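Heads up: the structure comes next, in structure tokens.
Keep in mind the model is a prediction, meaning the values are calculated, not measured.
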Amino acid sequence: MRLILALLLPFVVFFTIKRPIQGIFCLVLQLTLIGWIPAAIWAVYSLSQYNTDKKIAAATSKRS
């Protein structure tokens, strides 16, 4: 669901992954038509990093 959101409304994804300042910056970037593509790419990349960080945290917490 977040992936679709990252493509349609990239700035909202940053608020869902608890990065509001990046979300505001992404909104400013997204306001221009040319900036929409980089904003969507940035949102998808950040979402994948967030998911990776969650998996690493879950794996390390199981070991302890």
Taking atom CD1 of I37 as the centre, does the number of heavy atoms from other residues, nucleotides or ligands within less than 6.0 Å exceed 12?
no
Side-chain heavy atoms nearer than 4.5 Å, only ILVMFWY residues, links allowed to pass through others: does that put Y50 and I24 together?
yes
Donor-acceptor pair, S46 side chain versus A43 backbone, under 3.5 Å?
no
Begin from the C-alpha positions of V13 and R19 and carry the test side-chain contact (heavy atoms from CB on, under 4.5 Å) through to its verdict.
CA-CA 9 Å; V13 171; R19 294 183 181 170; over 6 Å; no
Distance col, row I4:CD1 vs L9:CG, nearest 0.5 angstrom, shows 12.0 Å
When clusters are formed from ILVMFWY side-chain contacts under 4.5 Å, directly or step by step, what else is grouped with V28?
none
Sort and list the pairs that fulfil ring pair (Phe, Tyr, Trp, His ring centres under 6.0 Å) and have at least one residue in residues 15-39, not counting sequence neighbours.
F25-W42
Rounding to 0.5 Å, atoms CG (L3) and CG (N51) come to a distance of 9.5 Å
Nearest-0.5 Å distance, CD1 of residue I17 to CD of residue Q49
10.0 Å
